[in-house]
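One is the number of the first residue; the rest follow in order along the sequence.
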Amino acid sequence: MGWVTNFGQGNKDQKDLLGGKGANLAEMTNLGLPVPPGFTISTEACRAYLGAGGTPDGLREEVSEHLEVLERTMGRRLGDADDPLLVSVRSGAKFSMPGMMETVLNIGLNDESVHGLAARSGNPRFAQDSYRRLVQMFGATVLHVDAQHFSRALDEAKTARGTESDLDLDADDLAALATRFKEIVREHTGADFPQDPREQLELAIRAVFDSWNTDRARLYRRQERIPEDLGTAVNVQAMVFGNFGMHSGSGVAFTRDPASGNQGVYGDYLQNAQGEDVVAGIRNTVSLADFAELDRRSHDELLEIMATLERHYRDMCDIEFTVEDGKLWMLQTRVGKRTPEAAFRIARHMRDEGMIDADEQLHRVTGDQLASLMFPRFDDSGERTLVAVGMNASPGAAVGRVVFDSATAVEWAGRGEPVILLRKETNPDDLSGMVVAQGILTSRGGKTSHAAVVARGMGRTCVCGAESLDVDAEAREARVRDGGVIREGDTLSIDGATGEVFLGEVAVTPSHVVRHFEGEEVDEDVVAAVSEVMAHADSRRRLGVRANADTAEDAARARRFGAEGIGLCRTEHMFLGDRRSLVEDLIVAEDDESRQAALDALLPHQREDFVGILEAMDGLPVTIRLIDPPLHEFLPDYTDLSVKVALAEARGEASERDERLLAHVRRLHEQNPMLGLRGVRLGIQVPGLFVMQARAILEAAADRIDAGGHPLPEIMVPLVASVRELDVVKREILKVADEVQQARGVEVDFKVGTMIELPRAAFLADRIARSAEFFSFGTNDLTQMAWGFSRDDVEAKFFSQYFEHGIFDVSPFESLDTLGVGGMVRMGTEKGRATKPDLKVGVCGEHGGDPASIHFFDSAGLDYVSCSPFRVPVARLEAGRAALDRD
Ligand code: ADP
Ligand code: MG
Ligand code: MG
């Protein structure tokens, strides 16, 4: 096959080669729909052009051959002075992308043929309008003249006529405008507007290829993780004319409402208009119902075609059409973008209509869409004042008073004031402000900017790249492009799910979907749609879903949200607050007796915590991790305490306890605590600590059994690198288990297992499995240890550069690095099961709630994922979708 394909030869599955637009034009042609004929220059030609830095061999000739065919079909020749064929040149990559060359219409007109067109059509106004549009579009997109020069000249022409509507310009006005436009081209490019139609075509095709590498296109590809080497196709298509008069026009339509998902067509039509006029807001458009009044026949045909397309694509389609003098033409279709709510509702309706089955319904919705339906939302029933729209970088609905720097954010938040931090862009110095802000708003940067990365990491609402805001932090104000000013202290409401920024306070309502998961009866179609999909996902998925929960309340919520146990219950928070002094007692204890006294004091608190969690998860497994972080985290800050002791000494009133404590804090001080005394090492270094925790867990289980419950605790030892470490602590745990069971006269169904979160553990998982009854991959630490960086230190500091250089497509903390860290997960699982074929293996890092990672864990054969309670439904949904992929 060559570089060029006629519309009749391709089909919708050839998006890689023909781009989305070309593949769908071919599909519509083959369906027998009224599509103006044309041909597609393939993405392969684009890749060859970009690779070689010039038009590849044979392309010119092939374009000529296909052009001749087109000319014969249309009975007109490009450039014919009496009866010219006009064409459009349209870019179209596999994925629709902003930044690519905009379409140029009416190619083939020049100073001569414009008269031919006028005479042939008997419509000089139309001919002149088409010519001025060509010069305008060609000038701006192919010759890169600032489009404002043309629009200003157009405005002047309208003003001279005393009108606001382009329709009031007559043939002479438009001819004068074309002349003016050609002057603009000459002024700004130093050359005349090309009169040779074949040259026009050639230049436009090359401009499409070149546009693959514009800054905007590159930025977009990086943001959306679209590969750099796909290239774009170019479509050359015979023109049809919506600007032929009032019986002509141009329109866009959806086969269903893309915002709500409601059944029923939805669209806009503009009379006597060409191309994008209908969406450019130059005049008021009419609805499809009003279009029916204007042109019943075209309207009915359009609706019939839309029904055909929807049946054919079995999905909601988005279309472009043109009516030329009462005749309908189809110019584009594709499966339409939609809101999350619409995605769930449309999938449900289509299943009800018998168009798709339950698997396909599940396939059509995503965990991300579900997650965005679970955030609290702004109430859209009231009046809202939109001031800007940026990128939806991190979801949520945040309301607060605007501050322009972190210090002010911290100060205001400190006195209980909700704040929105508004910056041009953020950097690591802004961290303190970002932590305390309700939401973060920036005027620059995309979805991988510092603000976006950090906000998502913290679960903070963020809208970034709101370019219409001109932020002046010095002056503590932001100018809005339309003239308004936002000052420090003004209230803003930002919607991280849509990127919208509203002036003033917009009311927030809880999500219907969350109310449903919480067990409320909610009579909303979207809730019914979600619940139907969830039921099917649960019936399809192989992966279990557990939750990371440290408290009884979290555990109970997770269970309502569908968790099948707890994959990670951290115990460190049980050592904070008023229990701190007990931990201090433990650390400063210098003999066995006082150490045991300190442990005995901690025991009842621990036990109480576990009873609540085991009760909330009765009958389901609860994995409890023994204490993991370095002990100094529970002690006073080294510097603070040194100062305190020094001052006290100077006053001659030093306390003995403080001095002893200081000595221990000094002893425990570490250069790099992440690699220091923590995890299993702590259990070995501080005798009795793990034993006390194990005792608390087992006694809590005994209490639950006495109360008629069915506790299933799983004791998890963190940061194990060697099976011998595990053996040492396991021996002690089993000993205390015997004691407790004997003393209480019960048998507890418990397990002892380990986290796999060090590379060494993954490598030696076969040995570790000899001692471990289960594995849980701690992918947060495993990621840190595999890359050799600590999340807190690197994420804010240099991740944005890593995105810029394309080293990361996505943060390895957000979505599992499947090659590196995932390779260890696969290996650890295989090795572990080589020793113990039925070894239960799960994952408890944040990746357990990330859709792409869940698909990976499913393919790696894990038994379950564990994630925050709020992500549990998302994980259930994606685990169901992963099962579809496997079949
Ligand atoms: P985009 O990718 O931005 O939607 P399109 O290639 O679809 O760009 O074209 C922009 C506008 O021009 C659309 O309204 C489209 O329908 C119209 N258009 C494109 N080709 C033709 C044509 N051959 N005849 C009439 N209108 C056309
Ligand atoms: Mg289009
Ligand atoms: Mg860890």
Side-chain angles (χ1 to χ4, degrees), residues 1 4-42 65-76 85-90 92 96 103 105 233-242 244 247-256 264-267 269 275 278 288 291-292 295-336 350 353-356:
M1 221 167 76
V4 184
T5 311
N6 270 328
F7 287 170
Q9 291 163 344
N11 67 59
K12 71 172 170 28
D13 300 320
Q14 291 180 297
K15 293 199 179 69
D16 285 315
L17 190 67
L18 304 178
K21 201 179 282 168
N24 287 323
L25 281 166
E27 190 77 10
M28 285 202 292
T29 304
N30 291 329
L31 282 173
L33 302 184
V35 178
F39 52 86
T40 303
I41 304 169
S42 73
E65 284 160 26
H66 285 265
L67 187 61
E68 269 169 42
V69 174
L70 186 61
E71 288 174 336
R72 274 203 302 279
T73 313
M74 300 300 292
R76 296 196 178 98
L85 168 68
L86 305 190
V87 296
S88 63
V89 172
R90 321 170 63 183
S96 73
T103 291
L105 303 176
V234 187
N235 302 288
V236 179
Q237 184 174 28
M239 284 301 302
V240 290
F241 300 102
F244 199 75
H247 297 294
S248 306
S250 147
V252 291
F254 292 88
T255 58
R256 311 197 175 212
V265 293
Y266 171 97
Y269 179 73
V278 62
L288 290 185
F291 173 44
D295 182 347
R296 172 71 58 185
R297 218 170 37 138
S298 299
H299 169 270
D300 291 353
E301 189 185 351
L302 176 70
L303 260 56
E304 219 168 280
I305 289 174
M306 285 167 73
T308 304
L309 284 173
E310 206 182 74
R311 269 197 311 276
H312 184 71
Y313 283 83
R314 296 185 309 122
D315 206 342
M316 186 261 279
C317 296
D318 141 354
I319 63 163
E320 291 173 5
F321 64 96
T322 278
V323 176
E324 177 179 328
D325 210 17
K327 160 99 183 90
L328 176 71
W329 293 96
M330 299 302 295
L331 288 166
Q332 189 171 331
T333 192
R334 64 186 161 194
V335 168
M350 289 194 161
E353 293 159 27
M355 225 184 272
I356 59 175

### Summary
Note: L105 and S88 closest approach over all heavy atoms is CD2-CB, 3.6 Å
### Short N-O contact, R90 and E320, less than 4.0 angstrom
yes
### Query
Hey, does R334 have a side-chain heavy atom less than 4.5 Å from the side chain of S96?
yes
### Message
Checking N24 against Y313: is there a side-chain donor and acceptor pair closer than 3.5 Å?
### Response
yes
### Message
Can you confirm whether more than 12 heavy atoms, excluding those of H247, are under 6.0 Å from its NE2 atom?
### Response
no
#### Entry: Side-chain heavy atoms of E310 within contact of M355, under 4.5 Å
yes
### Atom pair CG/NZ of D295 and K327 - distance to nearest 0.5 Å
11.5 Å
### Task
Go through V87 and L70 one step at a time and tell me if the side-chain contact (heavy atoms from CB on, under 4.5 Å) criterion holds.
CA-CA 10 Å; V87 296; L70 186 61; 4.0 Å; yes
### Message
To the nearest 0.5 Å, what is the distance between OG1 on T333 and CE on M306?
### Response
8.5 Å
## Note on the structure
Per side-chain contact (heavy atoms from CB on, under 4.5 Å), T40 is matched among N6, L17, V234, N235 by N235
### Heavy-atom closest contact (I305 atom, P34 atom, distance)
CD1-CD, 3.7 Å
### Message
So which atom in K21 and which in G92 form the shortest heavy-atom distance, rounded to 0.1 Å?
### Response
CB-CA, 4.4 Å
#### Entry: Close side-chain approach of Q9 and T29, heavy atoms under 4.5 Å
no
## Note on the structure
To the nearest 0.5 Å, atom CG of L33 lies from atom CG of L25 at 11.0 Å
### Query
Looking at CG of D318 and CD of Q332, how far apart are the two atoms once the value is rounded to the nearest 0.5 Å?
7.0 Å
### Message
Contact between F291 and V323 at the side-chain level, heavy atoms closer than 4.5 Å - yes or no?
### Response
yes
### Message
With a 4.0 Å cut-off on N to O distance, would you call E353 and R256 a salt bridge?
### Response
yes
### Message
Students often mix this up, so state it plainly: with edges at 30° and 60°, are the rings of H66 and F39 parallel, tilted or perpendicular?
### Response
tilted
### Task
Return the minimal non-hydrogen interatomic distance between A238 and P36, and the atom names on each side.
O-CB, 3.3 Å
### Task
Answer yes or no: is there a side-chain heavy-atom contact under 4.5 Å between L85 and M239?
no
### Task
Would you check if I319 and L309 make a side-chain contact, meaning some heavy-atom pair closer than 4.5 Å?
yes
### Task
Please report the closest heavy-atom contact between G275 and S250, naming both atoms and the distance.
O-OG, 3.0 Å
### Query
Can you find a heavy atom in the side chain of M330 that is under 4.5 Å from one in the side chain of L302?
yes
### Task
Count the heavy atoms belonging to other residues, nucleotides or ligands that lie under 6.0 Å from CZ of F254, then report whether that count exceeds 12.
yes
### Query
Which pair of non-hydrogen atoms, one from L288 and one from H299, has the smallest distance, and what is that distance?
O-CD2, 3.3 Å
### Query
Do F321 and L328 touch side chain to side chain, with heavy atoms closer than 4.5 Å?
yes
### Task
With rounding to the nearest 0.5 Å, note down the distance linking NZ in K12 to CG in L18.
13.0 Å
